[in-house]
Novice: 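The structure follows.
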Number of protein chains: 4
Amino acid sequence: MDQSQTPENSSYLNTVASVAIAPSGQGEELSTYVAQAIEVIRDSGLPNETNAMSTVIEGDLGQVMQTVEKATRVLAEQGYRTGVTLKLDIRQGKRDQIHRKVELIDEILSARKD
Amino acid sequence: MDQSQTPENSSYLNTVASVAIAPSGQGEELSTYVAQAIEVIRDSGLPNETNAMSTVIEGDLGQVMQTVEKATRVLAEQGYRTGVTLKLDIRQGKRDQIHRKVELIDEILSARKD
Amino acid sequence: MDQSQTPENSSYLNTVASVAIAPSGQGEELSTYVAQAIEVIRDSGLPNETNAMSTVIEGDLGQVMQTVEKATRVLAEQGYRTGVTLKLDIRQGKRDQIHRKVELIDEILSARKD
Amino acid sequence: MDQSQTPENSSYLNTVASVAIAPSGQGEELSTYVAQAIEVIRDSGLPNETNAMSTVIEGDLGQVMQTVEKATRVLAEQGYRTGVTLKLDIRQGKRDQIHRKVELIDEILSARKD
């Protein structure tokens, strides 16, 4: 059985998300604020990777939405105008898409180069 | 007091959201699926407006996130690969931004034309 | 022939876009900046509608991308850190999707209520 | 002079973008289509990194928009309904933000753990 296919718990909705959370109105240097939101995501225990435009997370839909809301509140509850962009890719039965999706692209493109 | 400023309940985090929820892999005509998700949003009681690319909603952060998750589950729990794009603009103390933000732009641009 | 289907010019790639352009670091009130970008879109001659979270545009892919870049430059070339979120729905042969997509949803949902 | 600050060519608008391009209506397995669009980006010569939800690119605003349009056309001109989500972070005078932004977050968070 391919590791990325585990249907046992059918209520589990595997969700890969990319999220970016930032205040507006606090100057052009946003890293110290963005870091507070990313810290919540890193402390969530969900697999996550940060790139220059977002943090990618993977987990059950409910866990992901809870983590995103918690990370958003860290800034919004300090009274900052807070912007969030969130993108979800939900596939029941799948696992470890945070790596598999990229591996698959690399495999396809290297096969095309051969 | 400007209607769009009501600070009484300070835990209320006014959130304007734009959300788009659609399945992939179910053919190019997506309206019947998208309509199921929008129906959940319309039944939520939150102010909402649908345009060609998203549905705009306004409410407290918690209400908005709950409504988006519920609308997403309508498709994802049928087993469809489901994509969601969500954008939030959170401003404590504000109200009726779903209309005010557009009115403000129109006021500014008509003043520039005079 | 349904008005939204006109295949004559097959190089025409009908594109519905939702775009939001704003500076960061210029305070929490962004309307005067956002209005400058929306003015470029409104002056483009492309069908467009502004809602609280974005401006929806329709046209050929090339026209839409040019208009978005021009609207973005209005702020970025003033030296502001500028954020853009853009979503495209491209369907060759379609027309007037800026209205048709919403009408279709309303038709489906009112039929479900009957 | 910090490598990420090079103001010589003031018309250069440093842009970090995250882009995702996919067809809808072609089944749930999208990798072979997404790979065609990513190949255009990789062949562009612009610094780029692919994660599970998008490909991050860095370059001048004009180069980035051209590359995104070219990658989009690879699918759209085959007649597929094509969806694009694009996010831009534009900062005149900056360079190598594709790495610097992530390093800064890691530095801030590791300093908070100490």
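Letters A, B, ... mirror the listed sequences (proteins, then strands); counts begin at 1.
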Novice: Please report the closest heavy-atom contact between D:A52 and A:V16, naming both atoms and the distance.
Specialist: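 Between these two residues, the closest heavy atoms are CB-CG1, 4.0 Å.
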Novice: What residue, out of D:K113, D:M53, D:E107, D:K101, has the most heavy-atom pairs lying under 4.5 Å from chain A?
Specialist: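 The candidate making the most pairs under 4.5 Å is D:M53.
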Novice: When heavy-atom pairs shorter than 4.5 Å are enumerated against chain A, which of D:L109, D:V102, D:I108, D:T32 gives the highest number?
Specialist: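 Winner by heavy-atom pair count: D:L109.
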Novice: Is it the case that atom CD in A:Q66 sees more than 12 heavy atoms from other parts of the structure closer than 6.0 Å?
Specialist: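 Check fails, neighbour count at 12 or below.
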Novice: About how many Å separate CD1 of D:I105 and OG1 of A:T50, when rounded to the nearest 0.5 Å?
Specialist: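 Answer rounded to 0.5 Å: 7.5 Å.
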Novice: Specify which of A:L104, A:L30, A:T55 makes the most heavy-atom pairs with chain D at under 4.5 Å.
Specialist: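 Ranked by heavy-atom pairs under 4.5 Å with chain D, first place is A:L104.
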Novice: At a heavy-atom distance under 4.5 Å, which candidate from A:A17, A:S54, A:S31 has the highest pair count against chain D?
Specialist: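 Going by pairs under 4.5 Å, I would pick A:S31.
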Novice: Quick check on the interface: out of A:H99, A:R91, A:E28, who has the most heavy-atom pairs with chain D under 4.5 Å?
Specialist: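 The answer is A:R91.
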Novice: Using non-hydrogen atoms only, which part of A:V34 is less than 4.5 Å away from chain D: side chain, backbone, both, or neither?
Specialist: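 Contact with chain D is through both the backbone and side chain of A:V34.
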Novice: Which residue out of A:K87, A:R42, A:E39 racks up the most heavy-atom pairs below 4.5 Å with chain D?
Specialist: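 Winner by heavy-atom pair count: A:E39.
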